[in-house]
Undergrad: 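Supplied in C-alpha cells, the structure appears directly below.
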Amino acid sequence: MHKPIKYVEKAFTYVAKGAWVIYDGLNSINQKPAITPKWADKPLLKSYQKTKPPLGWPRTTDSLCPKCVPEIRQQIVDGKLPYEILLNEKVGEIKAQIIERDGKILMVKDCPKHGHFEDVMAMDTTFFRHLEETFPGRDMRAHNDEKLHNHGTSTVKYGRGSVLTVDLTNRCNMMCDPCFMDANQVGFVHELSWEDIQRLLDNAISIKPRRQMSVQFSGGEPTLSPYFLQAVSYARKVGYNSVQAATNGIEFAKSPEFCKKAAEAGLRYAYLQFDGIGNAANAHRAVGNLFDVKLRAIENLHAAGVEIVPVTTIVNGVNNEQVGRIIQFALDNPKKISFLSFQPVSFTGRDEEITDERRQAQRYTLSHLAHDVKDQTGLGEPARDWFPISFMGTFSDWADVVHGQEKDWGSLNCGCHPNCGVGMALMIDKETKEAVPVTKFINAEQVARDVAHVSDGGRGARWSNLGMALALARNYNPFLSPTHFKFTDLLKKFDKTFAATKKAEAKYGKSSPGRTMTDIQKRRADRWNFLFVAGMWFQDLFNYDFRRTEQCIIPYATQEGEISFCAYNTGVGWRNIIEKMHMTATLTKWYEEHGRHEIFAGNKQVGLESTAHSLTLNQEHVHAGRNHTLDDLGIAKTAREEKTRARDAKLKDSERIKQEAEKAKMMALYRQHVLGEKPAEVGSFVSLDTLGSKPGVQPLAKPDAKKEEEVMGD
C-alpha cells in the first residue's frame with residue numbers, strides 16, 4: 001500500500017505533462033543566442049550543435065600496436081630517438097576495427113610487423129549500443145590552449161575537463177599489482193618541487209575554457225610528497241572547487257591528526273584504493289592488514305570532514321566477486337559513502353607485457369560491471385539504469401545557463417567518450433537503507449531530451465529552473481520511488497547538486513573552496529544519499545582508441561603540458577618519457593640524500609594505533625576467502641607471479657637440457673665401452689632416424705634393452 005502523498009504526486013505528474021506542452025511551446029519561440037561565459041572565449045553549445053565521434057559498429061578507428069609502441073618508447077627513453085617524434089609522426093599507429101562477433105563487441109587490428117591482435121570491448125551488445133545511443137555529444141572544442149595541449153595525435157581536443165590529475169611523486173609506500181606507473185621500480189625518483197606544483201596549477205587555470213573544477217593529487221602515493229598539504233591549500237586558494245587525493249590510505253589510517261590537517265588545508269575527497277571486503281580480498285596487494293587500514297582511513301577522514309570515494313580496480317578472476325560486496329558495504333554505510341568508483345583493469349605499467357592467456361582470463365569490461373552489479377546485488381538493469389557518465393553533460397549545460405555569464409568556473413562536465421565511463425545512480429534512504437535506482441522512477445532519457453530543450457532556450461535562471469522542475473515532474477513515477485521519498489526531495493537534490501537557486505548554499509551548505517565544518521555537516525544532514533556507482537575503464541595498448549583520447553576529461557598536468565590520462569599511462573607512454581626527462585634523482589642518489597621511505601610489501605603489516613571503527617560490515621563478506629578462479633585454471637594472477645613462473649620454466653628447461661645432455665653423454669660411453677662401438681668422428685654424425693634408409697648403410701644392432709636400462713640406472 002502506497003502512502004497517500006504518492007497518489008497526490010501521481011496526479012501532479014499529469015498536471016506537469018500538460019504544463020510542459022505550454023512551457024516547451026513558449027520556450028521554442030525566439031530562443032536566446034548562446035551566452036559566452038567568463039570562463040570561456042566561445043559561446044556555450046546548443047544541444048543540436050554538439051558533434052559526435054564515429055559510433056556504432058562495424059567501424060574503423062585509429063589505434064596502436066601493442067608491440068611497436070613499447071619498442072619505440074624505450075628508444076626515446078634511452079635517448080636513441082627524440083621525443084619530438086611523437087609530435088610529428090604517428091608512432092606505432094595502426095587502424096583497428098570495432099566489430100560484433102559471437103554476441104560480443106571486439107576490437108581487432110593487424111600490425112604488418114607483429115601480426116594480429118584482438119580484445120573484448122563488451123560482452124553485451126545491447127548494453128554497448130545503449131551507451132552510445134544516449135551519448136549527448138562532445139563538449140565545446142578546446143581553444144586558446146596551444147601551450148598546454150600539443151602532443152601530436154594524443155592531444156586533448158574537446159571539453160573543459162573535469163578532474164586535473166597532478167602526480168606529486170612516483171614514490172609509493174606499497175608495491176601493488178596492478179600499477180599504472182610501475183611505482184618504485186623505474187630506478188629513479190620523479191617528484192615535483194614546490195615551484196613545479198604552483199606552475200602546473202597556475203597553467204591549468206590560465207587558459208579557457210577554464211580548466212577542471214577539480215584537481216586530484218596522485219602518485220605514487222601523494223601523501224609521501226613533503227608538499228602534499230601545501231599543494232592542497234594552494235589548489236583551494238586558486239579556486240578549485242574540489243581538491244582530491246588518490247591514496248592507498250596508509251598515512252590517513254595511521255594519523256587522525258594528519259586527516260585533520262588535510263581537511264583544514266582544503267581536501268574534500270579521498271579517492272581511496274579499495275579492492276574488496278576483508279583482508280583476504282585485498283591480499284593481492286601484499287599488505288597483511290590492508291582492509292583494517294582502509295576502515296581506519298575511512299573513520300579518520302570522515303571525522304575530519306573529508307568525503308570518501310572507494311576506488312576499486314576490478315580484475316576478472318582476482319576480485320570480480322567483490323563488486324556486490326563493495327556496493328553492499330556502501331548501502332550499509334550510507335552516511336559515510338556516497339560515491340563508488342570501479343575501474344576495470346588496464347594492462348599497463350607492470351602489466352604491459354602480459355601474456356595473451358592471462359589478459360584474456362583477466363579482461364573485465366564496463367558491461368561485465370553492469371551485469372555483476374545486477375547479478376550480485378539485484379540492483380539495476382544494465383540497459384535501463386546505466387548511462388555513459390557524459391550523459392550528465394546535458395544537466396551541466398543547463399546549470400551553465402542558469403548560472404549565467406558572470407560565473408568564474410563552468411559546471412562539472414564529464415564529456416568523455418561513451419566507451420570510457422558509465423554510471424548508475426541509487427537513491428538511498430539513510431534511515432531505512434532502502435535503495436532504488438534513480439532511473440527506475442525517473443525516465444532519464446526523456447528528462448535529458450526535455451532539459452536539452454530548456455537549455456536551448458537560453459532564458460534566465462527562473463525560467464530554466466521552472467523548465468527543469470516540469471521536466472522532472474512529468475517523467476517522475478512516485479509509485480516506484482523509495483517509500484519515504486517525495487518529489488520535493490528530488491527538487492532539493494537538484495538544487496543542492498547544481499546550486500540552481502541563490503539560496504542553495506545557505507540551505508544545504510557550501511561546496512565551494514570557502515566551506516567550513518558547519519557547511520559539511522549541513523550537506524551531510526540530508527536524509528537521502530544520492531549514491532553514484534561509476535565505472536571508468538582506462539585504455540591499454542590492446543584496446544586503444546584515439547577517439548577516446550581526444551575527449552579526455554581527466555588529463556595529467558605535467559612539465560610538458562596537459563596530457564590525456566590514457567596517453568600518459570598507456571598509449572605512447574608519455575609518463576615514462578616525461579618522468580625520465582624531468583627526473584629528480586637516481587634512486588641511489590635519492591636514498592643517499594633522503595633515506596629510504598617505508599614500503600609495505602611481502603605481507604608486512606601497517607602499524608595502527610587502533611583498529612576500532614563504527615562502520616557496518618557483513619561478517620560473511622569480511623571472512624570470505626580469496627578468489628581462486630585463476631589458481632584453478634593454472635593462470636598467474638599478477639605480473640610478478642607471471643615473471644616468476646616464466647623464470648622457473650626457463651630454469652626447468654635449462655635443467656632438462658642439462659639432464660638430457662648428461663644422459664646423451666652416458667649413452668655415448670655405454671655404446672663405446674659396453675657395445676664396443678667406435679665414437680663418431682666429428683662432422684660425421686648421422687641421425688638414427690635416417691639409418692637404414694640410405695643405400696649401403698646398415699642400421700646399428702639394437703642393444704639389449706634390459707642391460708641398457710641397468711647401465712642408465714647406474
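Everything numeric here is computed off the predicted structure, so don't read it as measured data.
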Undergrad: Under 6.0 Å between the ring centres of Tyr556 and Trp574?
TA: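 No - the distance between ring centres of Tyr556 and Trp574 does not fall below the 6.0 Å cut-off.
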Undergrad: Are the side chains of Ile197 and Tyr234 in contact, using a 4.5 Å heavy-atom criterion?
TA: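 SC-SC contact between Tyr234 and Ile197 ruled out.
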Undergrad: Decide if atom CG of Asn30 counts as having more than 12 heavy atoms of other residues, nucleotides or ligands within a radius under 6.0 Å.
TA: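 No - once you tally the heavy atoms of other residues, nucleotides and ligands closer than 6.0 Å, there are 12 at most.
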Undergrad: For the residue pair Asp41 / Asn144, report whether a side-chain donor-acceptor contact shorter than 3.5 Å exists.
TA: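 There is such a pair (donor and acceptor under 3.5 Å, judged by atom type) between the side chains of Asn144 and Asp41.
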Undergrad: Ignoring hydrogens and angles, write down the donor-acceptor pairs under 3.5 Å from the side chains of residues 130-137, residues two or more places apart or on other chains.
TA:
{"from": "His130", "atom 1": "ND1", "to": "Ala383", "atom 2": "O", "distance (Å)": "3.4"}
{"from": "His130", "atom 1": "NE2", "to": "Trp386", "atom 2": "O", "distance (Å)": "2.6"}
{"from": "Glu132", "atom 1": "OE1", "to": "Gly56", "atom 2": "N", "distance (Å)": "2.6"}
{"from": "Glu132", "atom 1": "OE1", "to": "Arg59", "atom 2": "NH1", "distance (Å)": "3.4"}
{"from": "Glu132", "atom 1": "OE2", "to": "Arg59", "atom 2": "NH1", "distance (Å)": "3.0"}
{"from": "Glu132", "atom 1": "OE2", "to": "Arg59", "atom 2": "NH2", "distance (Å)": "3.3"}
{"from": "Glu132", "atom 1": "OE2", "to": "Asn419", "atom 2": "ND2", "distance (Å)": "3.2"}
{"from": "Thr134", "atom 1": "OG1", "to": "His130", "atom 2": "O", "distance (Å)": "2.8"}
{"from": "Thr134", "atom 1": "OG1", "to": "Leu131", "atom 2": "O", "distance (Å)": "3.3"}

Undergrad: Just by distance, no angles: are the side chains of Glu560 and His582 close enough, under 3.5 Å, to form a donor-acceptor pair?
TA: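 His582 and Glu560 do have a side-chain donor-acceptor pair below 3.5 Å.
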Undergrad: More than 12 heavy atoms of other residues, nucleotides or ligands under 6.0 Å from NZ of Lys492: is that the case?
TA: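 Result for NZ/Lys492: open.
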Undergrad: When rounded to the nearest 0.5 angstrom, what is the spacing between OG in Ser564 and CG in Asn569?
TA: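 That separation rounds to 9.0 Å.
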Undergrad: Return all side-chain donor-acceptor pairs below 3.5 angstrom for residues 389-407, not counting sequence neighbours, or 'none' if the list is empty.
TA:
{"from": "Ser390", "atom 1": "OG", "to": "Cys416", "atom 2": "O", "distance (Å)": "3.3"}
{"from": "Ser396", "atom 1": "OG", "to": "Met392", "atom 2": "O", "distance (Å)": "3.3"}
{"from": "Ser396", "atom 1": "OG", "to": "Leu412", "atom 2": "O", "distance (Å)": "2.5"}
{"from": "Asp397", "atom 1": "OD2", "to": "Lys50", "atom 2": "NZ", "distance (Å)": "2.5"}
{"from": "Trp398", "atom 1": "NE1", "to": "Ser464", "atom 2": "O", "distance (Å)": "3.1"}
{"from": "Asp400", "atom 1": "OD1", "to": "Ser411", "atom 2": "N", "distance (Å)": "2.9"}
{"from": "Asp400", "atom 1": "OD1", "to": "Ser411", "atom 2": "OG", "distance (Å)": "3.0"}
{"from": "Asp400", "atom 1": "OD2", "to": "Arg160", "atom 2": "NH1", "distance (Å)": "2.8"}
{"from": "His403", "atom 1": "ND1", "to": "Ala399", "atom 2": "O", "distance (Å)": "3.2"}
{"from": "His403", "atom 1": "NE2", "to": "Phe498", "atom 2": "O", "distance (Å)": "2.8"}
{"from": "His403", "atom 1": "NE2", "to": "Ala499", "atom 2": "O", "distance (Å)": "3.4"}
{"from": "Gln405", "atom 1": "NE2", "to": "Thr36", "atom 2": "O", "distance (Å)": "3.4"}

Undergrad: Please determine whether a side-chain nitrogen of the Lys or Arg among Arg199 and Asp196 lies less than 4.0 Å from a carboxylate oxygen of the Asp or Glu.
TA: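 Result for this pair is yes, salt bridge flagged.
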Undergrad: Looking at side-chain heavy atoms only, is the closest gap between Phe127 and Val422 below 4.5 Å?
TA: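 Phe127 vs Val422: side chains touch.
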Undergrad: Can a salt bridge be assigned to the pair Asp456 and Lys46 using a cut-off of 4.0 Å between side-chain N and carboxylate O?
TA: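 No salt bridge links Asp456 with Lys46.
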Undergrad: Could you grab the distance from atom CD of Gln551 to atom CG of Asp545, nearest 0.5 Å is fine?
TA: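 Answer rounded to 0.5 Å: 9.5 Å.
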Undergrad: Could you measure the distance from the CE atom of Met107 to the CD1 atom of Ile105? Nearest 0.5 Å is fine.
TA: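 Going from the CE atom of Met107 to the CD1 atom of Ile105 covers 11.5 Å.
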Undergrad: Check the side chains of Ser242 and Gln244 for a donor-acceptor pair under 3.5 angstrom, ignoring hydrogens and angles.
TA: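 The answer is yes; a qualifying pair exists.
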Undergrad: With a 3.5 Å cut-off and no angle check, do the side chains of Asn27 and Gln31 form a donor-acceptor pair?
TA: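 No, Gln31 and Asn27 have no side-chain donor paired with an acceptor closer than 3.5 Å.
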Undergrad: Do Arg73 and Ile577 make a side-chain contact, defined as non-hydrogen atoms from C-beta onward lying under 4.5 Å apart?
TA: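 In contact.
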Undergrad: Side-chain contact test, heavy atoms from C-beta onward, threshold under 4.5 Å: evaluate it for Pro310 versus Leu272 and give yes or no.
TA: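 They are not in side-chain contact.
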Undergrad: Parallel, tilted or perpendicular for Tyr23 and Trp463, by the 30°/60° rule?
TA: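 If you compare the ring of Tyr23 with that of Trp463, the planes turn out parallel.
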Undergrad: Anything under 30° is parallel, anything over 60° is perpendicular, the rest tilted; go ahead and classify Phe565 against Phe538.
TA: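 Phe565 and Phe538: parallel rings.
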Undergrad: Of all heavy-atom pairs between Ala204 and Leu148, which one has the smallest distance, and what is that distance?
TA: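 What the structure gives for the nearest pair is CA-CD1, 4.1 Å.
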Undergrad: How many angstroms lie between atom OG of Ser367 and atom CG of Asp124, to the nearest 0.5 angstrom?
TA: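 Taking OG in Ser367 and CG in Asp124, the distance rounds to 6.0 Å.
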Undergrad: Examine the side chains of Thr60 and Lys95 and answer whether a donor and an acceptor come within less than 3.5 Å of each other.
TA: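 On atom types as modelled, these side chains do not qualify, holding no pair under 3.5 Å.
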Undergrad: May I ask you to say whether Lys90 pairs ionically with Asp62, meaning some side-chain N is under 4.0 Å from a carboxylate O?
TA: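 No salt bridge links Lys90 with Asp62.
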Undergrad: Can you name the nearest heavy-atom pair linking Ser63 to Phe546, along with the distance?
TA: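 Closest pair (atom of Ser63, atom of Phe546, distance): O-CE1, 3.7 Å.
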Undergrad: Please examine the side chains of Thr165 and Phe217, heavy atoms only from C-beta on, and report whether any two atoms are closer than 4.5 Å.
TA: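 No, their side chains stay 4.5 Å or more apart.
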Undergrad: Out of curiosity, Tyr544 OH to Ile94 CD1, how far, rounded to the nearest 0.5 Å?
TA: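 Those atoms lie 13.0 Å apart.
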Undergrad: Above 12 or not: heavy atoms from other molecules or residues under 6.0 Å from NZ of Lys52?
TA: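 Yes.
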Undergrad: Is a side-chain donor-acceptor pair under 3.5 Å present for Thr348 with Asp540?
TA: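 Distance-only check fails for Asp540 and Thr348.
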Undergrad: Mind listing the closest non-hydrogen atom pair of Ala235 and Val243 along with its distance?
TA: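 Closest approach of Ala235 to Val243, heavy atoms only: CB-CG2, 3.9 Å.
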Undergrad: So Ser206 and Asn203, side chain to side chain donor-acceptor pair (under 3.5 Å) or not? Walk me through it.
TA: CA-CA 5 Å; Ser206 69; Asn203 285 345; 4.8 Å; no
Undergrad: If you draw a 6.0 Å radius around NZ in Lys17, do more than 12 non-hydrogen atoms from other residues or ligands fall strictly inside?
TA: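 Yes - once you tally the heavy atoms of other residues, nucleotides and ligands closer than 6.0 Å, there are more than 12.
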Undergrad: Do Phe494 and Leu472 touch side chain to side chain, with heavy atoms closer than 4.5 Å?
TA: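 The answer is yes, as the side chains (C-beta and beyond) meet within the 4.5 Å cut-off.
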Undergrad: Taking atom types as modelled, is there a side-chain donor on Arg141 or Tyr158 under 3.5 Å from an acceptor on the other?
TA: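 Result is yes, a qualifying pair exists.
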Undergrad: Hey, are the side chains of Val166 and Leu192 touching, using non-hydrogen atoms and a 4.5 Å cut-off?
TA: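 Contact flag for Val166/Leu192 side chains = yes.
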Undergrad: Is the shortest side-chain heavy-atom distance between Phe530 and Met427 below 4.5 Å?
TA: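 A side-chain contact exists here, since the closest heavy-atom pair is under 4.5 Å.
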Undergrad: When you compare the side chains of Asn529 and Ser338, does any donor N or O come within less than 3.5 Å of an acceptor on the partner?
TA: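 There is no such pair (donor and acceptor under 3.5 Å, judged by atom type) between the side chains of Asn529 and Ser338.
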Undergrad: Kindly compute the distance separating SG (Cys552) from CD (Gln539), expressed to the nearest 0.5 Å.
TA: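 Answer for the SG-CD pair, Cys552 versus Gln539, is 9.0 Å.
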